[in-house]
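So the structure is just underneath, and the comments pick up after that.
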Amino acid sequence: MGDRWYSEAVVYCLDIDTYADSDGDGVGDIRGLIGRLDYLARLGVTCLWLHPIHPSPNKDDGYDATDFYNVDPRFGTLGDFAELLHQAQNRGIRVIIDLVVNHTSDQHPWFVSARSSPDSPYRDWYVWSDEEPEDRHQGMVFPGEQHETWTYDRTAKGWYYHRFYKFQPDLNMANPAVRAEVKKIMSFWLQLGVSGFRMDAAPFIIELTEPGNPNSPKDFEFLTELRQHVQWRRGDAVLLAEANVEPDQLPTFFGDSGGSANRLHMLFDFMLNGRLMLALARQDPEPVIEALRDTPALPEGGQWATFLRNHDEIDLSRLTAEQRNEVYAQFGPDEDMRIYDRGIRRRLAPMLGNDRRRLELAYSLQFSLRGTPVLRYGEEIGMGEDLSLPGRQAIRTPMQWRYQPNAGFSTADPEKLVRPVIDKGEFSYEKVNVTAQRADRTSLLAWFERMIRTLREAPEIGSGSTTHIDVPTPPGVLAHRADGSTGTMVFLHNLGTGDAVVDLSHLEPEADLPIDVLGDRSYAPVGKLDRLQLAGYGYRWIRLRRGRGF
Ligand code: GLC
């Protein structure tokens with residue numbers, strides 16, 4: 001068994017405000033989440049990633065903090081948070097939190113002070129320019145909703161830099177006082193008991209912004225410093241970062257050129273995410289095979305975090321325009337389903353036409369590929385989106401617990417809810433909810449529980465190496481394997497609709513193996529691996545070999 005817990009984790013991400021409301025004010029809270037920990041334990045989740053928990057004017061769903069040392073009073077108190085950590089730990093669940101230190105809210109006291117006077121002690125905590133920078137209209141992260149990256153502030157009589165929305169001024173990481181503060185923030189939460197951080201916007205945090213230079217240099221050493229700091233404070237804490245950059249730049253985020261992973265432990269696999277979407281759209285595994293082949297090798301200890309959906313849009317910016325159009329045609333045919341000229345603001349179940357077979361296929365594929373799987377709340381029951389809500393809020397609707405008012409999320413008046421529940425159509429809480437699926441052994445939720453339990457018995461998926469099995473296969477079929485000290489698993493996934501037969505007889509199983517451990521249905525025994533049946537949209541997880549001691 002690997003001793004890096006994060007390699008064999010199942011991560012579940014959620015917004016506290018839309019998960020469970022314990023006091024009936026219409027906003028989810030920490031006590032509500034505590035009440036749902038047993039549900040998460042049963043599902044098999046081992047690590048929660050909480051979206052921003054800090055006080056915030058919530059103009060970007062909490063990704064605009066006004067105080068890094070507290071929790072949003074709408075969610076509860078620091079005492080409630082400590083209790084959450086304790087109760088989660090009792091159930092073997094770790095908690096990581098979003099660390100959003102590339103920027104603050106423009107209402108953060110630091111920025112309020114900084115803009116008030118050039119003599120403010122916080123002036124140099126942000127990035128300023130006296131003149132209008134030439135790159136003012138370059139580098140926007142939210143095209144369509146954001147028109148500049150430098151905004152003139154009349155009070156400050158200067159231009160401030162903001163990689164994201166203009167209410168999110170960037171902190172100046174070139175300032176040693178800011179660096180020290182970031183470390184202090186991390187120490188604070190580690191001391192309270194979090195197991196690490198989901199680091200927002202890593203490539204921008206390390207940017208040493210120069211006015212007028214849209215390609216300002218990056219200081220990777222800051223990541224090394226943060227890693228050291230975190231590890232001294234808590235040996236098993238992790239940094240899981242968002243760095244959606246060109247593939248050849250990725251290894252540098254994990255470690256320096258010496259080859260050791262001395263920076264970030266884990267990165268979200270955005271490359272694979274885009275390729276998975278393309279493969280599902282085409283019903284052809286080739287893009288995934290390319291991703292497995294072309295991803296740069298990671299330094300020892302580096303780990304990918306895989307995902308199909310997260311809290312943001314599906315970002316297709318690493319695909320070509322033509323490939324992006326193929327994905328749009330299948331999964332985001334209406335203009336209204338797309339966002340920022342690069343993505344899709346939908347959940348997976350509606351994208352796949354609520355076809356149970358395709359949903360299982362997609363999640364079976366994600367969870368069996370290299371890396372640590374990340375699951376977005378509500379996906380385990382096949383929730384839908386609400387396209388009448390603006391932007392990314394479409395996929396941030398309240399969790400659907402049961403068929404009772406407000407989906408069992410809250411007892412508040414419906415108009416007081418933080419966001420409306422989905423109450424119409426095939427994804428309404430009447431049709432899609434936890435309670436109904438818990439009672440049904442054939443439900444998607446029951447499937448997720450079984451699939452995750454199977455994954456937990458196959459640690460080579462997270463800790464071992466994953467490779468494409470390069471043999472001729474029928475169209476639409478992907479064969480891949482995971483090898484580790486715990487043994488070998490082989491996987492077949494049929495992205496197409498036609499029945500298939502696969503010949504893997506060149507593999508060398510142990511005497512009493514191989515056996516099927518998970519599949520979309522019962523298949524004839526594996527036998528000599530020479531005639532493996534696979535239905536359209538079918539999948540099989542086959543154990544080929546066990547390592548010693550298993
Ligand atoms: C990250 C978050 C996104 C947020 C942005 C600004 O990309 O995932 O939700 O809007 O950072 O903090």
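Counting starts at 1 for both ligands and their atoms, in listed order.
- Of all atoms in ligand 1, listed by their number and element, those nearer than 4.0 Å to a heavy atom of E242 are 1 (C), 7 (O), 8 (O).
- Here the protein heavy atom with the shortest distance to atom 4 (C) of ligand 1 is D60 OD2, 3.4 Å.
- Interface of D312 with ligand 1, defined as ligand atoms under 4.0 Å from a residue heavy atom, comprises 2 (C), 3 (C), 7 (O), 8 (O), 9 (O).
- In this structure, the ring of H108 has its center less than 6.0 angstrom from the ring center of F68.
- In summary, of the residues considered (Y160, W128, Y161), a ring-ring contact (aromatic ring centres under 6.0 Å, His included) with W150 occurs for Y161 alone.
- Residue nearest to atom 11 (O) of ligand 1, selected from V141, V101, D200: D200 (by heavy-atom distance).
- With salt bridges taken as basic N to acidic carboxylate O contacts below 4.0 Å, none links R392 and E385.
- The F164 neighbourhood of ligand 1 comprises atoms 5 (C), 6 (C), 11 (O), with distances under 4.0 Å to a heavy atom of that residue.
- Distances below 4.0 Å separate heavy atoms of H103 from the following atoms of ligand 1: 6 (C), 12 (O).
- Less than 4.0 angstrom separates some heavy atom of F142 from each of these atoms of ligand 1: 10 (O).
- The aromatic rings of Y340 and F142 sit tilted relative to each other, their planes meeting at an angle between 30° and 60°.
- The side chain to side chain donor-acceptor pair (under 3.5 Å) with Y63 is formed by just one residue from the set D200, N58, D98; it is D98.
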